[in-house]
*Asks:* 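Mind looking over this structure? Questions follow.
Lettering follows sequence order; numbering is per chain, from 1.
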Protein chains: 2
Amino acid sequence: MKIATWNINSVRLRIDSVLRFLKEEAPDVLCLQEIKCRDEQFPARPLRSAGYEHIAVSGQAGYHGVAIIARAPLKDVETRKFCGKDDCRHIAATLPGGVRLHNFYVPSGGDEPDPAVNDKFAHKLDFMKELAEWSVGEAQTHSKKAVLVGDLNIAPREHDVWSHRQLLNVVSHTPVEVELMNAALEKGKWTDVARELIPEPEKLYTWWSYRARDWRASNRGRRLDHIWTSPPLRKAALSGGRAAFAIHDHCRDWERPSDHVPVTLTLDL
Amino acid sequence: MKIATWNINSVRLRIDSVLRFLKEEAPDVLCLQEIKCRDEQFPARPLRSAGYEHIAVSGQAGYHGVAIIARAPLKDVETRKFCGKDDCRHIAATLPGGVRLHNFYVPSGGDEPDPAVNDKFAHKLDFMKELAEWSVGEAQTHSKKAVLVGDLNIAPREHDVWSHRQLLNVVSHTPVEVELMNAALEKGKWTDVARELIPEPEKLYTWWSYRARDWRASNRGRRLDHIWTSPPLRKAALSGGRAAFAIHDHCRDWERPSDHVPVTLTLDL
DNA sequence: GCGCCAACAG
DNA sequence: CTGTTGGCGC
């Protein structure tokens with residue numbers, strides 16, 4: 001089973017790119033973040049026509065918003081409020097094989113990496129703490145197969161950013177964020193599939209700023225988009241080797257691209 | 001000599017349409033209104049590459065703005081403030097043959113056709129009064145060949161609108177506006193070329209609202225864009241017959257069209 | 001309906 | 001730099 005995740009930065013603007021990606025990669029399920037539209041504005045029609053007839057959306061006007069689109073039926077669709085906010089940053093569904101799929105859009109965190117002066121950064125830290133605590137229960141309750149994907153807005157490792165030194169004090173790569181992400185990984189017993197399959201020092205990025213004149217030339221990327229699997233799926237995730245995992249960076253060259261590229265994992269179920 | 005006028009409703013957004021029109025119709029000079037950009041933002045480069053190397057612009061951020069682009073040199077470029085406002089509604093230049101060309105964008109006038117409650121309508125009436133008075137002097141000073149073109153935002157005749165009755169109290173076709181336009185025509189001894197060549201009851205429209213679902217089917221147009229000539233040019237304007245005059249309504253079907261279409265007149269000089 | 005801009009967010 | 005919204009003007 002092939003799972004994809006993509007921060008699409010407006011699904012209405014980029015529905016043609018989504019369709020192109022689905023045609024090229026034919027994942028069984030695609031998790032989107034930053035759809036930036038209300039549920040009723042989500043372009044479900046062309047997705048259904050493309051063979052993805054099962055769609056779960058949690059959207060709002062303008063900001064954030066997540067969705068799961070799948071070829072096969074989605075069961076037990078749920079959304080969860082983190083930090084007591086109803087801001088469309090999580091949606092979950094169970095896939096036919098019994099895999100529980102969680103799709104996240106973690107707060108970006110603003111500019112200043114100081115929770116005392118920056119509410120957005122405080123929100124991000126709180127969100128990650130809650131995600132870690134929630135992971136504990138999730139690892140127990142859904143004792144079985146689970147996948148967590150999404151734009152977690154943290155690049156945890158030295159080689160997940162273009163310059164570890166220059167980004168140490170930049171939101172997305174600060175030690176406090178990295179520690180919270182590692183705590184979530186540990187408490188949920190999650191496997192960070194990308195880094196298990198492709199160890200450091202190989203660089204891995206899934207996001208490149210719009211501000212660069214030539215994103216590929218400067219290559220100042222960050223690995224913000226992740227796929228985590230629960231212990232019962234560890235073998236299915238890793239047995240295929242690195243061929244089972246892909247960062248589709250050619251999509252960054254498409255017309256009017258998202259600043260994130262899609263990431264896929266094929267589970268050997 | 002072929003003269004064109006077009007309210008382009010943002011020249012930056014529609015520069016490709018302008019280039020296409022220039023290629024198709026090859027006018028000697030094109031007058032644009034509602035360029036909606038500052039002088040330095042005007043897309044002069046591609047116009048020059050297309051053979052229109054002489055450009056005069058009077059633009060500002062966001063609203064209004066007029067320009068003249070020509071294959072041959074423009075002399076004595078002037079802009080005139082009407083109603084004491086510096087709002088980029090007029091630009092003039094002299095063409096190589098000695099023709100004085102005036103390009104206008106008359107105020108739209110708002111919704112309520114009552115100058116006592118609607119300042120915009122009052123401004124429009126004042127503008128037309130000033131245009132009429134200015135025409136007197138212009139007819140004397142530039143005693144010779146002159147052309148006045150532009151979006152005058154008035155449809156003066158019964159068959160210049162889709163329903164004379166339904167528009168009698170709608171700004172652009174009210175009796176007070178029509179009388180002021182007729183006064184300007186008389187005081188400047190101008191010839192309204194379109195209606196001399198194509199008499200009523202034939203309908204003539206140069207503008208169709210964006211709000212119609214199917215502009216051609218409903219065909220609720222208005223003739224807002226005009227080409228007037230001074231007495232010394234009357235023969236040159238009319239001798240070619242109606243073949244010399246054209247309303248290029250096919251441009252309304254182009255991608256992301258302006259709500260106005262270009263109008264051309266070939267002067268038999 | 002469709003331009004523009006400013007404000008906000010990423 | 002690239003999205004969103006909301007207000008304004010036509």
*Asks:* Do Arg80(A)'s NZ or CZ and the ring of Phe82(A) fall within the cation-pi criteria of under 6.0 Å and 45°?
*Replies:*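 Yes.
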*Asks:* Atom CH2 of Trp208(A) to atom C1' of dT2(D): distance rounded to whole Å?
*Replies:*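 After rounding, the reported distance stands at 17 Å.
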*Asks:* With side chains defined as the heavy atoms from C-beta onward, is the minimum distance between Trp254(B) and His250(B) less than 4.5 Å?
*Replies:*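 Answer yes - side chains close enough.
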*Asks:* Going by salt bridge (charged side-chain N to carboxylate O under 4.0 Å, His left out), Glu177(A) matches just one of Lys124(A), Lys129(A), Arg222(A). Which one?
*Replies:*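 That would be Lys124(A); it is the only one of Lys124(A), Lys129(A), Arg222(A) passing the salt bridge (charged side-chain N to carboxylate O under 4.0 Å, His left out) with Glu177(A).
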*Asks:* Could you list where the contact with chain B starts and ends along DNA chain C, reading 5' to 3', using a 4.0 Å heavy-atom cut-off?
*Replies:*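 That gives a stretch of dG1(C) to dC5(C).
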*Asks:* Students often get this wrong, so: under 4.0 angstrom with heavy atoms, is Arg14(B) touching a base, only sugar-phosphate, or nothing?
*Replies:*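 Touches sugar-phosphate only.
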*Asks:* Is there a residue in residues 156-163 of chain A whose heavy atoms reach under 4.0 Å of DNA chain D, and which residues are they?
*Replies:*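 Contacts with DNA chain D under 4.0 Å: none.
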*Asks:* Is it the case that the side chain of His248(A) and the backbone of Glu25(A) share a donor-acceptor pair, with hydrogens and angles ignored and the cut-off at 3.5 Å?
*Replies:*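 The answer is no, because no donor-acceptor pair under 3.5 Å joins these two groups.
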*Asks:* Going by an N to O cut-off under 4.0 Å, is there a salt bridge joining Arg216(A) and Asp249(A)?
*Replies:*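 Salt bridge between Arg216(A) and Asp249(A), a charged N being under 4.0 Å from a carboxylate O: yes.
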*Asks:* dG9(D) P sits how many Å from Asp151(B) CG, rounded?
*Replies:*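 These atoms are roughly 18 Å apart.
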*Asks:* List for me each residue that meets salt bridge (charged side-chain N to carboxylate O under 4.0 Å, His left out) alongside Glu255(A), sequence neighbours excluded, and say none if there are none.
*Replies:*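 With sequence neighbours excluded, Glu255(A) shows a salt bridge (charged side-chain N to carboxylate O under 4.0 Å, His left out) to no residue whatsoever.
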*Asks:* Please report the distance, rounded to the nearest Å, between CH2 in Trp254(A) and P in dT2(D).
*Replies:*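 After rounding, the reported distance stands at 18 Å.
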*Asks:* For the side chain of Ser49(B) and the backbone of Arg45(B), is there at least one donor-acceptor N/O pair under 3.5 Å apart?
*Replies:*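 Yes; judged by distance alone, with no hydrogens or angles, the pair exists.
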*Asks:* Please determine whether a side-chain nitrogen of the Lys or Arg among Asp87(B) and Lys81(B) lies less than 4.0 Å from a carboxylate oxygen of the Asp or Glu.
*Replies:*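 Salt bridge: no.
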*Asks:* By the 4.0 Å heavy-atom rule, please label His64(A) as base, sugar-phosphate, or nothing.
*Replies:*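 Sugar-phosphate, no base atom in range.
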*Asks:* Mind jotting down which residue pairs meet the side chain to side chain donor-acceptor pair (under 3.5 Å) criterion with at least one end in residues 157-170 of chain A? Sequence neighbours excluded, please.
*Replies:*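 Non-adjacent pairs meeting side chain to side chain donor-acceptor pair (under 3.5 Å): His159(A)-Glu200(A), Asp160(A)-Arg195(A), Asp160(A)-Arg223(A), His164(A)-His173(A).
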*Asks:* Is it possible for you to check whether Arg220(B) lies under 6.0 Å from the centre of the six-membered ring of Trp208(B), through NZ or CZ, and within 45° of that ring's axis?
*Replies:*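 No - Arg220(B) does not lie over the ring of Trp208(B) by the 6.0 Å and 45° rule.
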*Asks:* Polar-atom pairs under 3.5 Å, protein N or O versus N or O of nucleotides 4-8 of chain D: list them with distances, or write none.
*Replies:*
unit_1 : atom_1 : unit_2   : atom_2 : d
dT4(D) : OP1    : Ser10(A) : OG     : 3.0

*Asks:* Taking only residues two or more places apart in sequence or in another chain, which ones pass side chain to side chain contact (heavy atoms under 4.5 Å, CB included) with Asp114(A)?
*Replies:*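 Counting only residues at least two positions away or on another chain, Asp114(A) forms a side chain to side chain contact (heavy atoms under 4.5 Å, CB included) with Glu112(A), Ala116(A), Val117(A).
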